[in-house]
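Written out below as structure tokens is the structure these notes cover.
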There are 2 protein chains.
Amino acid sequence: MNSTLVNRALKHAEALCRRRGVRLTEQRKIVLRLLCVSDKPISAYELLDRMRGVVKNPAPPTVYRALDFLLEQGLVHKLESLHAYVGCTHPDHPHASQFLICDDCGEVTEVEDAGLAKSLKTAGKAIGFRTKRPIVEVLGTCAQCNAKRDE
Amino acid sequence: MNSTLVNRALKHAEALCRRRGVRLTEQRKIVLRLLCVSDKPISAYELLDRMRGVVKNPAPPTVYRALDFLLEQGLVHKLESLHAYVGCTHPDHPHASQFLICDDCGEVTEVEDAGLAKSLKTAGKAIGFRTKRPIVEVLGTCAQCNAKRDE
DNA sequence: ACCTCGGATGTTATATTGTTACATTGGCAA
DNA sequence: TTGCCAATGTAACAATATAACATCCGAGGT
Ligand SMILES: [Zn+2]
Ligand SMILES: [Zn+2]
Ligand SMILES: [Zn+2]
Ligand SMILES: [Zn+2]
């Protein structure tokens with residue numbers, strides 16, 4: 001994400017938190033910014049490294065707490081299969097999104113296929129299962145890497 | 001899984017491995033059995049503990065190697081969101097299944113919704129993404145726990 | 001301005017999950 | 001038998017995540 005978009009995203013996040021009566025503190029904003037400027041997912045300990053210099057003496061709880069908050073607010077997502085985190089590309093509204101993860105270049109695309117989410121929910125309901133958080137992470141190769149491979 | 005079903009599953013796995021020309025060794029069979037007898041997912045280190053007494057001096061690589069083999073052969077699945085493993089309920093054929101995970105009682109149900117898998121693949125293809133391994137883990141509550149909650 | 005209370009942060013230690021590296025063993029076939 | 005390669009043994013370590021407790025800080029009430 002370029003810096004203009006990042007700033008816009010941060011402004012947006014601030015407004016969102018203000019409306020909700022929660023505090024987007026400096027550290028939380030720093031972690032959110034780090035995730036937004038990156039076009040790839042970042043692990044908690046990588047975030048920790050990148051916080052050095054901006055924050056005095058960050059420890060694991062520092063970053064995990066910020067992540068917990070941002071996850072709760074839907075501003076970032078965790079990629080379970082990678083143990084890594086990404087900024088949400090459309091935090092405006094609550095959503096159940098899916099992730100396409102390129103295991104070649106590492107790029108991650110967040111898509112929001114409402115139909116898919118719905119059919120997933122329906123499939124569960126058929127056996128009495130009440131869906132809370134559907135996790136969908138598709139591992140494969142992105143268009144760009146496929147093109148490169150096929151040259 | 002009751003012991004009759006477990007034995008059947010193990011026989012089945014042996015036949016499968018023989019056909020494929022791979023070796024279902026004693027340790028691998030032990031891990032597979034442990035996963036099959038359990039109705040809940042088991043973590044690697046929990047498996048390690050349960051191997052003591054059956055295996056002399058198991059260490060982490062012992063269990064991770066067995067798991068790697070079983071995962072490759074499609075005899076078990078890893079639940080990324082739980083860092084735990086389950087025996088496959090229908091290893092006969094290659095498949096992309098989904099998991100319904102009850103965060104109340106811990107029960108996991110493996111379902112195989114081919115339509116869902118297909119629409120997932122199609123959604124990726126629309127943007128040039130080539131799917132290798134779709135991960136679908138739905139967190140929520142199972143029918144039994146819902147009933148209990150609603151009493 | 002002062003107090004107070006709860007949320008946010010600092011700090012240290014520890015738990016949990018997974019891997020690397022290298023030595024040793026064991027089945028299988030030339 | 002010999003040689004080879006997969007499987008296992010063993011020790012150390014890396015990566016991810018949480019627990020526990022002290023301290024700080026800021027919004028709201030007095
Ligand atoms: Zn999102
Ligand atoms: Zn790629
Ligand atoms: Zn399966
Ligand atoms: Zn349940």
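Chain identifiers are assigned alphabetically (A, B, ...) following the order of the sequence lines, protein sequences preceding nucleic acid strands; residue numbering begins at 1 within each chain. Being a predicted model, the structure only gives us computed values, none of them experimental.
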Point to revise | Val138(A) vs Ile101(A) side-chain heavy atoms within contact, under 4.5 Å | key: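 A side-chain contact is absent here, since even the closest heavy-atom pair is not under 4.5 Å.
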Check your understanding: Are any non-hydrogen side-chain atoms of Ile135(A) and Phe99(A) less than 4.5 angstrom apart?
Key ->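 No, their side chains stay 4.5 Å or more apart.
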State which residues pass salt bridge (charged side-chain N to carboxylate O under 4.0 Å, His left out) with [X]; sequence neighbours excluded, sorted by chain then number.
X        : value
Arg28(A) : none
Arg65(B) : none
Arg8(B)  : none
Arg52(A) : Asp49(A)

Practice item. Within residues 48-62 of chain A, find the residues that approach DNA chain D with a heavy atom at under 4.0 Å, and present them sorted by residue number. Key: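 Nucleic-acid contacts, sorted: Pro60(A), Pro61(A).
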Point to revise | Interface with DNA chain D, restricted to residues 31-42 of chain B and to heavy atoms under 4.0 Å | key: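 Heavy-atom contacts with DNA chain D come from no residue of residues 31-42 of chain B; none.
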Point to revise | Donor-acceptor contact present, side-chain Thr122(B) to main-chain Lys118(B), <3.5 Å | key: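 Answer holds: yes.
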Check your understanding: Should Glu72(B) and Arg20(B) count as an ion pair when the cut-off is N to O under 4.0 Å?
Key ->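 Between Arg20(B) and Glu72(B) there is no salt bridge, as every charged N stays at least 4.0 Å from the carboxylate O atoms.
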Exercise for review: Mind jotting down which residue pairs meet the ring pair (Phe, Tyr, Trp, His ring centres under 6.0 Å) criterion with at least one end in residues 17-36 of chain B? Sequence neighbours excluded, please.
Suggested key: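 Those involving residues 17-36 of chain B do not exist here.
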Check your understanding: Please walk me through it: do Glu80(B) and His83(A) pass side chain to side chain donor-acceptor pair (under 3.5 Å)?
Key -> CA-CA 9 Å; Glu80(B) 299 287 350; His83(A) 306 290; 5.2 Å; no
Exercise for review: Could you name each residue pair satisfying salt bridge (Lys or Arg N to Asp or Glu O under 4.0 Å) that touches residues 29-47 of chain B, not counting sequence neighbours?
Suggested key: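 Sorted result for residues 29-47 of chain B: Glu14(B)-Lys29(B), Glu46(B)-Arg50(B).
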Exercise for review: Check DNA chain C against residues 79-88 of chain B and give the residues with a non-hydrogen atom under 4.0 Å, in numerical order.
Suggested key: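 The stretch gives His83(B), Tyr85(B) as the residues lying under 4.0 Å from the strand, ordered by number.
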Review point. Checking all strands, does Arg23(B) fall into the base, sugar-phosphate, or nothing category for heavy-atom contacts under 4.0 angstrom?
Key: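 Sugar-phosphate, backbone atoms only, no base.
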**Study point:** Boundaries of the DNA chain C segment in contact with chain A, non-hydrogen, under 4.0 Å
**Key:**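 That gives a stretch of dA8(C) to dT12(C).
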Check your understanding: Which atom names give the shortest non-hydrogen contact between Cys145(A) and Cys102(A), and what distance separates them?
Key ->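 Smallest heavy-atom distance, with atoms named: SG-SG, 3.7 Å.
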Exercise for review: Considering only heavy atoms of chain B and a distance under 4.0 Å, specify the first and last nucleotide of DNA chain D in 5' to 3' order that meet this criterion.
Suggested key: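 Nucleotide range in contact with chain B: dA7(D) to dA11(D).
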Point to revise | Ring centres under 6.0 angstrom apart (His12(B), His90(B)) | key: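 Not close enough - the centres of the two rings lie 6.0 Å or further apart.
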Review point. How many angstroms lie between OG in Ser81(B) and CG in Leu79(A), if you round to the nearest 0.5 Å?
Key: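 Rounded to the nearest 0.5 Å, the OG-CG separation comes out at 13.0 Å.
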Exercise for review: Sort and list the pairs that fulfil side chain to side chain donor-acceptor pair (under 3.5 Å) and have at least one residue in residues 95-108 of chain B, not counting sequence neighbours.
Suggested key: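 Qualifying pairs: Lys132(A)-Asp103(B), His77(B)-His95(B), His95(B)-Glu110(B), Ser97(B)-Glu110(B), Asp104(B)-Arg149(B).
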